[in-house]
Amino acid sequence: MRVATLNVQNLRLKTVDGQKKLHGAWDADAPEDERLDPIDRRLTAELLAELDADVVALQEVFDLQTLDYFHREYLQPAGAGLYEHRICLPGNDGRGLNVAIMSRRRVASVESHVAVTLADLDIVAPDGIDPERPIFRRDCLMVTIGQLTCVICHFKSPYPNADKAWKIRRMEAVATRRLIEQKFRMPQSDLWIILGDLNEPRSSGPKVDRAIAPLETEFSVDLMMRIPEADRWTYYDPHSDLYHCPDAMLASPALAEEYPTSKPKVICRGLGTEASRFKGGGFAKLEDTGLTPAITQQL
């Protein structure tokens, strides 16, 4: 089974002049040009078609109607195989940027944790974090397919307040670990994988503790560590000129041991030309698109 993860950035179905259209892959801090919206989404579809994954974890999907429309009007015409099982549940993001999943294999169970609080999990909240509010900024969606459980997350971004965002991201990581420990009697021996955009930045200054360390340290195996460091990036920030890897594939020790030679592959086609580290070809000659790279993994 091949699994993949991709932040599709603001995938939202809207109606303009009586016609249905998809919002382009634009960041909030970038000027929008709606003429590029259909091109952005064609590139998104072509990227996913190239991945040819059996299971795709997605971030920033507005709702199931949007996902179904994208699947029918863009992904299928791009030559991708049918994803019969598509799931997108409402999350906590006020803008409607939810996590989702598409699968060619039968889904055995779906568990949303959109309402879970730190108090529910008996986790002590740090100063400035309300223990009675839902901890996940989107959701922690657990989808079981066969023997594998995919844990799909999209953690708090480092903006606008990096210190507070670190606390929230740390609590999301602690909560995700606690949920996995509650679900599996022996988490080290069961088959699960954390997929998604964990929004952990690469610091340009002194080394600081990673907010997502509770998920990494003596708990999971970071499959991205199996590829060269030069290839271990999925996001370029032109403001800091840093290459980050917010997208994650954290496998249970048992899953990593069962597939010791499997290595993730980062597909960067569709990136803007300012990400000069990427030397491969693109799908189209555009000055810029909003796409982020996708990660795929054969298991």
Side-chain angles (χ1 to χ4, degrees), residues 1-9 47-48 50-61 87 99-105 136 138-155 157 169 172-173 176-177 179-180 183-184 187-202 210-236 243-269 271 291-299:
M1 175 165 57
R2 180 177 295 174
V3 298
T5 181
L6 174 64
N7 185 327
V8 291
Q9 292 191 288
L47 178 64
L48 288 169
E50 178 173 317
L51 291 177
D52 193 29
D54 299 290
V55 176
V56 185
L58 300 170
Q59 301 88 53
E60 298 199 13
V61 179
I87 299 164
V99 296
I101 190 170
M102 300 189 300
S103 176
R104 294 172 180 162
R105 304 197 180 194
F136 294 109
R138 283 87 182 183
D139 195 355
C140 177
L141 191 65
M142 293 186 177
V143 181
T144 300
I145 301 168
Q147 293 182 305
L148 179 67
T149 296
C150 298
V151 183
I152 307 168
C153 300
H154 186 187
F155 289 173
S157 72
R169 205 160 56 252
E172 288 184 292
T176 299
R177 176 167 177 164
L179 288 170
I180 292 173
K183 181 177 178 63
F184 299 105
Q188 303 294 310
S189 303
D190 284 291
L191 302 180
W192 50 265
I193 185 169
I194 299 171
L195 301 167
D197 184 352
L198 304 189
N199 263 320
E200 189 70 21
R202 178 173 294 167
R210 287 166 63 83
I212 64 171
L215 291 176
E216 300 173 315
T217 307
E218 299 180 352
F219 185 67
S220 71
V221 175
D222 185 353
L223 298 179
M224 290 295 285
M225 299 302 290
R226 292 180 173 181
I227 64 177
E229 185 176 3
D231 300 330
R232 210 181 300 152
W233 63 276
T234 60
Y235 173 71
Y236 172 68
Y243 289 82
H244 303 274
C245 189
D247 304 280
M249 282 188 166
L250 303 178
S252 70
L255 183 65
E257 183 178 357
E258 187 164 337
Y259 299 96
T261 61
S262 292
K263 296 181 180 180
K265 182 178 181 181
V266 180
I267 310 295
C268 296
R269 293 175 65 190
L271 279 177
L291 291 182
T292 55
I295 311 176
T296 183
Q297 168 80 57
Q298 186 73 39
L299 297 174

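All figures in this text were calculated on a predicted structure; none of them were measured in a lab.
- The shortest heavy-atom contact between Pro187 and Trp192 is O-NE1, 2.8 Å.
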Val3 vs Met249, side chain to side chain contact (heavy atoms under 4.5 Å, CB included): CA-CA, chis, key distance, verdict: CA-CA 10 Å; Val3 298; Met249 282 188 166; 4.2 Å; yes

Stepwise salt bridge (charged side-chain N to carboxylate O under 4.0 Å, His left out) test for Asp231 and Arg226: CA-CA 10 Å; Asp231 300 330; Arg226 292 180 173 181; over 6 Å; no

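- Residue Leu51 comes nearest to Arg2 through the heavy atom pair O-NH1, 3.0 Å, listed as atom of the first residue, atom of the second, then distance.
- Atom CG of residue Leu141 and atom CG of residue Leu58 lie 11.0 Å apart, to the nearest 0.5 angstrom.
- Heavy-atom neighbours of Gln188 CD from other residues, nucleotides or ligands within 6.0 Å: above the threshold of 12.
- Atom OG1 of Thr234 is separated from atom CD1 of Ile267 by 12.5 Å, given to the nearest 0.5 angstrom.
- Judged as a side-chain hydrogen bond (donor to acceptor under 3.5 Å, both in side chains), and not counting sequence neighbours, Glu172 has no contacts.
- Residue Leu198 holds its CG atom at 9.0 Å from CZ of Arg169, rounded to the nearest 0.5 Å.
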Working for side chain to side chain contact (heavy atoms under 4.5 Å, CB included), residues Val151 and Leu179: CA-CA 10 Å; Val151 183; Leu179 288 170; over 6 Å; no

Working for side chain to side chain contact (heavy atoms under 4.5 Å, CB included), residues Met102 and Leu48: CA-CA 11 Å; Met102 300 189 300; Leu48 288 169; 4.3 Å; yes

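- With a 4.5 Å cut-off on side-chain heavy atoms, Ile180 and Met142 count as touching.
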Side chain to side chain contact (heavy atoms under 4.5 Å, CB included) between Val99 and Cys153, worked out: CA-CA 7 Å; Val99 296; Cys153 300; over 6 Å; no

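- Nearest heavy atom pair, residue Phe184 against residue Asp190, reads CB-OD2, 3.3 Å.
- Side chain of Arg177 to backbone of Pro214: a donor-acceptor contact under 3.5 angstrom is found.
- One finds the CG atom of Leu6 at 12.0 Å from the CG atom of Leu195 (value rounded to the nearest 0.5 Å).
- Once rounded to the nearest 0.5 Å, the distance linking CG of Asp197 with CZ of Arg138 reads 7.5 Å.
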Name the atoms and distances for all side-chain donor-acceptor pairs under 3.5 Å in residues 218-225, with sequence neighbours left out.
{"unit_1": "Ser220", "atom_1": "OG", "unit_2": "Leu215", "atom_2": "O", "d": "2.7"}
{"unit_1": "Asp222", "atom_1": "OD1", "unit_2": "Met224", "atom_2": "N", "d": "3.0"}

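- Within the 3.5 Å criterion, the main-chain N or O of Pro246 finds no donor-acceptor partner in the side chain of Asn199.
- Put simply, CD1 on Ile194 and SG on Cys150 are 11.0 Å apart, with the number rounded to the nearest 0.5 Å.
- For the side-chain hydrogen bond (donor to acceptor under 3.5 Å, both in side chains) test, residues two or more places apart in sequence or in another chain that qualify with Thr149 are Thr144.
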